[in-house]
Novice: 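First the structure, which I've put down as structure tokens, then a few questions once you've had a look.
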Amino acid sequence: MAKFRVRVATGEACGAGTWDKVSVSIVGTQGESPLVPLDRLGKEFTAGAEEDFEVTLPQDVGAVLMLRVHKAPPELPLSLGSLHPDAWFCRWFQLEWLPGAALRFPCYQWLEGAGDLVLRQGAAKVSWEDHHPKLQHQRQEELKARKEMYSWKTYIEGWPHCLDHMTVKDLDLNIKYSAIKNARFFFKVQSAVTELKIKGFLSRTGLWRSLREMRRMFNFHKTPAAEYVFEHWQEDAFFASQFLNGLNPVLIRRCHSLPKNFPVTDDMVAPVLGPGTSLQAELEKGSLFLVDHGILSGIQTNVINGKPQFSAAPMTLLYQCSGSGPLLPLAIQLKQTPGPDNPIFLPSDDKWDWLLAKTWVRNAEFSVHEAVTHLLHAHLLPEVFALATLRHLPHCHPLFKLLIPHIRYTLHINTLARELLIAPGQVVDRSTGLGIGGFSELIKRNMEQLSYSVLCLPEDIRARDVADIPGYYYRDDGMQIWGAIKSFVSEIVSIYYPSDVSVREDQELQAWVREIFSEGFLSRESSGMPSSLDTQEALVQYVTMVIFTCSAKHAAVSAGQFDACVWMPNLPPTMQLPPPTSKGQVRPEGFIATLPPVNATCDVIIALWMLSKEPGDRRPLGHYPDEHFTEDAPRRSMAAFQRQLVQISRDIGERNRSLALPYIYLDPPLIENSVSI
């Protein structure tokens with residue numbers, strides 16, 4: 001007879017404990033033991049508990065391979081009926097047969113109903129390392145069950161495919177918000193809605209009466225960054241700086257030759273460039289930059305409060321002053337086709353002409369950011385990574401252990417977005433200038449040109465030729481974090497993949513990459529997205545991209561949304577009059593008449609306030625409280641990664657002390673491990 005001590009750890013979350021009965025059997029090389037109940041006097045499996053149970057097996061099962069966990073409601077007398085199973089969050093099991101001799105079985109899963117769960121010993125294993133048929137069979141059965149639970153659907157043709165669930169109520173607990181996070185999320189939404197209803201803003205369909213009245217909306221919830229925006233939104237230097245460090249810092253690129261459809265002349269820009277230079281000279285020096293919102297050309301627009309809305313597809317030329325001077329706008333053209341009805345607006349124009357032109361650019365920024373940079377790149381693609389991970393990498397796979405913290409809650413927030421944000425009649429549909437139709441078309445257009453290199457920050461910086469533009473803190477902080485993630489991933493890959501051949505022979509890994517290519521990038525070879533990985537180097541790059549996109553990239557383009565939009569003229573979600581076709585016609589009342597109506601302004605600001613900050617239950621980048629890895633080597637790599645992030649945070653804090661507007665969105669303690677809001 002074999003005697004074991006079984007130690008069980010229950011999670012600390014609200015509702016993690018269970019009244020159900022738990023039994024275990026040990027699967028070994030020579031057979032499987034009968035189920036043995038884990039029972040003792042009093043209640044077992046309370047939240048936060050670690051409990052020991054003595055177990056005696058009737059026969060030796062050989063070397064331990066797996067642990068089978070069975071959960072069911074306690075039996076009651078027939079007269080009392082039966083109990084419904086209640087969920088239990090198990091952190092881990094541990095088998096001890098001698099002092100100091102123990103096997104840890106990580107779980108970190110909810111067990112919702114009555115049934116079995118098979119756990120593997122904690123050491124990560126690539127598929128070709130599992131030589132015993134029982135272990136190979138377990139991998140296959142686990143993935144078969146996951147594929148049945150998590151399947152793909154087409155939400156809108158031309159978009160990346162997504163999880164086939166209609167509402168968050170349909171989700172299983174392992175991908176759902178915790179009870180606390182869910183409660184805080186909806187309390188935050190309701191408090192904002194109530195406040196703006198009391199102020200009478202949410203039901204007002206008309207125009208704002210003045211910029212002064214908008215100031216009342218600005219008092220909704222202040223942040224230091226939002227106050228800075230309010231004080232400086234009309235300044236050219238601040239307008240330009242938002243292309244570097246605002247919520248959409250990924251479009252600006254160095255201009256090597258002026259586009260033929262943007263006929264800026266030396267005379268137009270002389271007041272900014274000054275004497276002794278020319279456009280050609282500045283192009284050759286590399287001091288001119290371009291932001292082109294051409295993807296918006298001809299895009300479908302929305303109807304709000306019964307009124308048709310308008311959009312522009314502007315081009316903005318910027319000039320980097322010599323030395324450490326600011327980046328400044330030189331010229332703005334609001335449509336892609338030049339002509340007499342498409343003037344080029346200049347800083348030397350009338351104040352209201354120039355301010356309105358800049359505001360049209362900021363509206364274009366809203367549309368491209370929310371549809372492409374935020375929704376597509378920072379939500380829909382991470383959902384693809386998450387779903388493929390669940391379907392193709394078993395719990396014991398080293399890449400599953402590495403990636404599971406970085407897909408936490410992603411399927412929940414995206415399912416919720418399909419319910420509350422991008423569904424018919426919801427925020428995007430009722431309060432943005434493009435509506436669902438325009439958003440959908442933008443995403444389809446970007447999918448046709450999206451490339452792997454855009455998702456890899458070093459390649460993207462090189463492609464846009466912006467490695468040396470000063471004051472580009474998104475680039476500086478992002479490159480540091482990319483480097484730290486890549487170093488961490490490289491160490492993990494080297495532990496489990498000793499050669500390029502070992503990468504090629506991991507069929508689970510290859511199936512994961514192949515499904516991301518087919519379901520996320522719709523098998524479009526021109527994207528450059530790999531459909532297989534052949535080398536350690538390629539694997540490191542790919543996994544670094546996945547983790548960076550799910551953590552730092554999302555933080556950079558999400559956390560600043562409220563700061564940028566609460567003073568609405570800085571980031572208008574729609575425009576109610578068409579772009580101007582001549583100069584000298586704009587007056588203050590015309591400027592206000594172009595801006596969004598009151599109810600749409602408030603609707604969008606509530607949504608972006610909700611999406612800009614985690615509602616509790618946070619896990620910052622590099623924090624891994626769930627101990628999926630049990631070996632020393634990966635744990636040392638995790639500790640080194642955490643130390644790197646601490647140093648990066650110190651460097652950012654030191655730099656920010658000298659900035660009038662600190663750039664905090666890529667400070668590691670403020671970055672969430674995953675897309676969870």
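All values derive from a computational prediction rather than experimental measurement.
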Novice: For the residue pair Leu421 and Phe439, establish whether any side-chain heavy-atom pair is separated by less than 4.5 Å.
Specialist: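 Heavy-atom side-chain distance check fails, nothing below 4.5 Å.
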Novice: Of Glu519, Glu508, Glu515, which is the lone residue that meets salt bridge (charged side-chain N to carboxylate O under 4.0 Å, His left out) with Arg391?
Specialist: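 Of the listed residues Glu519, Glu508, Glu515, the salt bridge (charged side-chain N to carboxylate O under 4.0 Å, His left out) partner of Arg391 is Glu515.
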Novice: Does the pair Glu282/Lys285 count as a salt bridge with the N-to-O cut at 4.0 Å?
Specialist: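 Here Glu282 pairs with Lys285 in a salt bridge, since their nearest N and O are under 4.0 Å apart.
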Novice: For Glu383 and Pro160, indicate whether the former's side chain and the latter's backbone hold a donor-acceptor pair under 3.5 Å.
Specialist: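 No, because the side chain of Glu383 does not come within donor-acceptor range (under 3.5 Å) of the backbone of Pro160.
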Novice: Of all residues at least two apart in sequence or in a different chain, which pass the ring pair (Phe, Tyr, Trp, His ring centres under 6.0 Å) check with Phe548?
Specialist: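 Expected list: Trp482.
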Novice: Would the distance check show the side chain of Gln333 and the main-chain N or O of Thr316 forming a donor-acceptor pair, the cut-off being under 3.5 Å?
Specialist: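 Here the side-chain-to-backbone pair does not exist.
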Novice: To the closest 0.5 Å, what do you measure between CG (Leu390) and CG (Leu143)?
Specialist: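 The CG atom of Leu143 is 10.0 Å from CG of Leu390, to the nearest 0.5 Å.
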Novice: Looking at Glu614 and Lys181, does any basic side-chain N land under 4.0 Å from a carboxylate oxygen?
Specialist: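 Yes, this pair counts.
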Novice: Kindly state each residue pair satisfying salt bridge (Lys or Arg N to Asp or Glu O under 4.0 Å) with at least one member in residues 525-553, sequence neighbours excluded.
Specialist: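 Listed once each, the pairs would be none.
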Novice: Less than 4.5 Å apart, any side-chain heavy atom of Leu645 and any of Pro620?
Specialist: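 Contact flag for Leu645/Pro620 side chains = no.
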Novice: Is Asp476 salt-bridged to Arg655, going by a charged N under 4.0 Å from an acidic O?
Specialist: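 Salt bridge between Asp476 and Arg655, a charged N being under 4.0 Å from a carboxylate O: no.
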Novice: Between Arg362 (side chain) and Phe239 (backbone), is there a donor-acceptor pair under 3.5 Å?
Specialist: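 It does not hold such a pair.
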Novice: Any side-chain heavy atom of Met529 sitting closer than 4.5 Å to one from Met545?
Specialist: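 The answer is yes, as the side chains (C-beta and beyond) meet within the 4.5 Å cut-off.
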Novice: Looking at Asn673, is its backbone amide N or carbonyl O close enough to the side chain of His406 to form a donor-acceptor pair, meaning the two atoms are under 3.5 Å apart?
Specialist: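 Judged by distance alone, yes, a pair lies under 3.5 Å.
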Novice: Classify the ring geometry between His554 and His379 as parallel (under 30°), tilted (30 to 60°) or perpendicular (over 60°).
Specialist: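 If you compare the ring of His554 with that of His379, the planes turn out perpendicular.
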Novice: Is there a side-chain hydrogen bond (donor to acceptor under 3.5 Å, both in side chains) between Gln647 and Asp651 once you walk through the steps?
Specialist: CA-CA 6 Å; Gln647 185 56 54; Asp651 294 345; 2.9 Å; yes
Novice: Does the Asp563 side chain pair with the main chain of Thr223, one donor and one acceptor, at a distance under 3.5 Å?
Specialist: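 Such a contact is absent between Asp563 side chain and Thr223 backbone.
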Novice: Sequence neighbours excluded and cut-off under 3.5 Å, please list the side-chain donor-acceptor pairs for residues 455-464, or say none.
Specialist:
{"residue": "Glu459", "atom": "OE1", "partner": "Gln541", "partner atom": "NE2", "Å": "3.4"}
{"residue": "Glu459", "atom": "OE2", "partner": "Arg462", "partner atom": "NH2", "Å": "3.4"}
{"residue": "Glu459", "atom": "OE2", "partner": "Gln541", "partner atom": "NE2", "Å": "3.1"}
{"residue": "Asp460", "atom": "OD1", "partner": "Arg464", "partner atom": "NE", "Å": "3.4"}
{"residue": "Asp460", "atom": "OD2", "partner": "Arg464", "partner atom": "NE", "Å": "3.2"}
{"residue": "Asp460", "atom": "OD2", "partner": "Arg464", "partner atom": "NH2", "Å": "3.1"}
{"residue": "Arg464", "atom": "NE", "partner": "Val250", "partner atom": "O", "Å": "3.3"}
{"residue": "Arg464", "atom": "NH1", "partner": "Ile252", "partner atom": "O", "Å": "2.7"}
{"residue": "Arg464", "atom": "NH1", "partner": "Tyr472", "partner atom": "OH", "Å": "3.0"}
{"residue": "Arg464", "atom": "NH2", "partner": "Tyr472", "partner atom": "OH", "Å": "3.1"}

Novice: Main chain of Tyr155, side chain of Arg418: is a donor-acceptor contact present, judged purely on distance under 3.5 Å?
Specialist: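 No, because the side chain of Arg418 does not come within donor-acceptor range (under 3.5 Å) of the backbone of Tyr155.
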Novice: Less than 4.5 Å apart, side chain to side chain, heavy atoms only: is that true for Leu290 and Phe262?
Specialist: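 Yes, their side chains come closer than 4.5 Å.
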Novice: Can you tell if the side chain of Leu247 reaches within under 4.5 Å of the side chain of Leu571, non-hydrogen atoms only?
Specialist: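 Sidechains of Leu571 and Leu247: in contact.
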Novice: So does Glu441 pair up with Arg445, basic N to acidic O under 4.0 Å?
Specialist: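 Answer for the salt bridge query: yes.
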Novice: Ignoring hydrogens and geometry, is there a side-chain-to-backbone donor-acceptor pair from Thr549 to His377 under 3.5 Å?
Specialist: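 Pair absent, no side-chain N/O of Thr549 close to backbone of His377.
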Novice: Any side-chain heavy atom of Arg514 sitting closer than 4.5 Å to one from Ser532?
Specialist: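 Result no, sub-4.5 Å side-chain heavy-atom pair not found.
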Novice: Can any side-chain N or O of Asn245 pair as donor or acceptor with the backbone N or O of Tyr474 at less than 3.5 Å?
Specialist: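 Here the side-chain-to-backbone pair exists.
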Novice: Please tell me if the side chains of Phe400 and Thr389 come closer than 4.5 Å, counting only heavy atoms from C-beta onward.
Specialist: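 Answer yes - side chains close enough.
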Novice: So, are Arg254 and Asp465 salt-bridged, with charged N and O less than 4.0 Å apart?
Specialist: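 The answer is yes: the pair qualifies as a salt bridge.
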Novice: Is the backbone of Glu491 close enough, under 3.5 Å, to the side chain of Ser494 for a donor and an acceptor to pair up by distance?
Specialist: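 At least one qualifying donor-acceptor pair exists.
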Novice: What class does the angle between the rings of His293 and Phe243 fall in, given that below 30° is parallel, 30 to 60° is tilted and above 60° is perpendicular?
Specialist: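 Tilted: the ring planes of His293 and Phe243 meet at 30° to 60°.
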Novice: Say whether, by atom type as modelled, one donor and one acceptor occur between the side chain of Ser487 and the main chain of Ala484 under 3.5 angstrom.
Specialist: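 The answer is no, because no donor-acceptor pair under 3.5 Å joins these two groups.
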Novice: Do the rings of Tyr665 and Tyr663 sit parallel, tilted or perpendicular, given the 30° and 60° boundaries?
Specialist: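 The arrangement is perpendicular - the two ring planes meet at more than 60°.
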